[in-house]
Engineer: 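Got a structure for you, questions after.
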Amino acid sequence: MRNPASEPNPGSESSNGGSASELRVFVRKKRGRKTIETQETKYEAEPLDQKLRGPPEIEEFGYKQVNGSFQSTVETFLSKPRFESFICDGVPLNIPTGEPPPNWEKVLEGIRKMRSTEDAPVDTMGCEKAGNSLPPKERRFAVLVSSLLSSQTKDNVTHGAIQRLLQNGLLAADTIDKADEATIKGLIYPVGFYTRKAANMKKIANICLMKYDGDIPSSLEELLLLPGIGPKMAHLVMNVGWNNVQGICVDTHVHRICNRLGWVSKSCTKQKTSTPEETREALQLWLPKEEWVPINPLLVGFGQTVCTPLRPNCGMCSVSDFCPSAFREISRSPSKSKRSSLSKKL
DNA sequence: GTCCTGGGCT
DNA sequence: AGCCCCGGAC
């Protein structure tokens, strides 16, 4: 409903008269086939002007519609990996650069409402309040450690570990650097992956001490060099530790939900993004910056209670009317009986 | 025991 | 894209 191509319109416009309904479209497509034929529509390829040719790995052709519905075919094209973009009379029909999806404000507001009534396991980001009574430098270090510990760990467990570190004076670069790894391991237990995290804490403390005078790196790039800190955590630390919003903190929940809502896609296509990083870049193209920080806790909570990884509770979701994926079974391993009929569709 | 988790690493 | 880490839910 949100995009003009989502309602198949079999042959209504193109069928009334031959040449009058002729429509010139240009499909930028990957090297390979030069004819496009779907069930409803046939397009014939013809070469384009030199100036319209794309980069070497891409070929561009003009396609003349022969029969069928133009509208429903756009959707088909854009869902196939081999097409990069779709242009009609010089106007791109896809939205490669940051057009906000229709109704996104209603959807966001609806999710906020749902989140205010239901209570999700994660209601405060673990590191958000980590050591906010400490001096700035120590506070930042606490935020970094807290982020590291928080993944795959319940919030109260992370909090407990931070408290124990603090009580033992082990929430600063210099003391952690000197401390025994086994001691740290014992103090942070039972956070998830405590062995690896204890080792990473030691390495991080040493790096912070050597290169940053016991403070934490203040740029995204330098944070990413720390062991155990990837894009998700780096953005979180920039947001919370430095109050410097460099990007959206995208975890699997944000990644999954944005794709279900049709909020993100691979550039110039309708395909889902395949990594959280890709999702982050696509989302940042249109989401207003004041939403960049709150979007994470909002969607994480929503993803834990309503829009769960498998079997999302679309029945109790107030924004299902706006969701292209609502009430579609999403299973990781499709059962063999239904697979053949499903795979035919796309 | 087996599956699942959520990030980072390779 | 697949592997790994640890614990917890079945």
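Values in this document were obtained by computation on a predicted structure and should not be read as measured data. So that the names make sense, note that chain A is the first sequence line, chain B the second, and so on, each numbered from 1. As a basis for the values below, the full set of heavy atoms in this structure was taken, side chains included, without hydrogen atoms, waters or symmetry mates.
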Engineer: Expressed in angstrom and rounded to an integer, what is the separation of A:Ile229 atom CD1 from B:dC9 atom P?
Structural biologist: 8 Å
Engineer: How close do A:Tyr194 and A:Ile188 get, counting heavy atoms only, and between which atoms?
Structural biologist: O-CD1, 3.5 Å
Engineer: Measure the distance from CZ on A:Arg256 to C1' on B:dG7 and round it to the nearest whole Å.
Structural biologist: 14 Å
Engineer: Taking side chain as C-beta onward, heavy atoms only, is A:Leu108 less than 4.5 Å from A:Leu298?
Structural biologist: yes
Engineer: Could you check how far NZ of A:Lys203 sits from P of B:dG8, rounded to whole Å?
Structural biologist: 15 Å
Engineer: Round to a whole Å and report the spacing from CG of A:Asp155 to P of B:dT5.
Structural biologist: 20 Å
Engineer: As a test of reading the structure: which of B:dT5, B:dG7, C:dC6 is closest to the side chain of A:Tyr194, going by heavy atoms?
Structural biologist: C:dC6
Engineer: Just how far, in rounded Å, is C1' of B:dG8 from NE2 of A:His255?
Structural biologist: 15 Å
Engineer: Reckon A:Tyr189 has a side-chain N or O less than 4.0 Å from the OP1 or OP2 of C:dC6?
Structural biologist: no
Engineer: How close or far is atom P of B:dC9 from atom CZ of A:Arg196, stated in whole angstroms?
Structural biologist: 9 Å
Engineer: Which atom names give the shortest non-hydrogen contact between A:Met238 and A:Ser218, and what distance separates them?
Structural biologist: CE-O, 3.3 Å
Engineer: Looking only at atom P, what distance separates C:dG8 and B:dG8, rounded to whole Å?
Structural biologist: 22 Å
Engineer: For DNA chain B, whose closest nucleotide is more 5', that of A:Leu226 or that of A:Gln152?
Structural biologist: A:Gln152
Engineer: Categorize A:Pro227 for me: base, sugar-phosphate, or nothing, with a 4.0 angstrom heavy-atom threshold over every strand shown.
Structural biologist: sugar-phosphate
Engineer: So what does A:Thr252 touch, heavy atoms closer than 4.0 Å: a base, only the sugar-phosphate, or nothing?
Structural biologist: sugar-phosphate
Engineer: What is the distance, to the nearest angstrom, from the CZ atom on A:Phe193 to the P atom on B:dG8?
Structural biologist: 12 Å
Engineer: In this structure, how many angstroms lie between the C1' atom of B:dG8 and the CG atom of A:Leu149, rounded?
Structural biologist: 15 Å
Engineer: Would you say A:Lys106 and A:Val319 make side-chain contact, with heavy atoms under 4.5 Å?
Structural biologist: no
Engineer: Sub-3.5 Å donor-acceptor pair from the side chain of A:Asp177 to the main-chain atoms of A:Ala173, do we have one?
Structural biologist: no
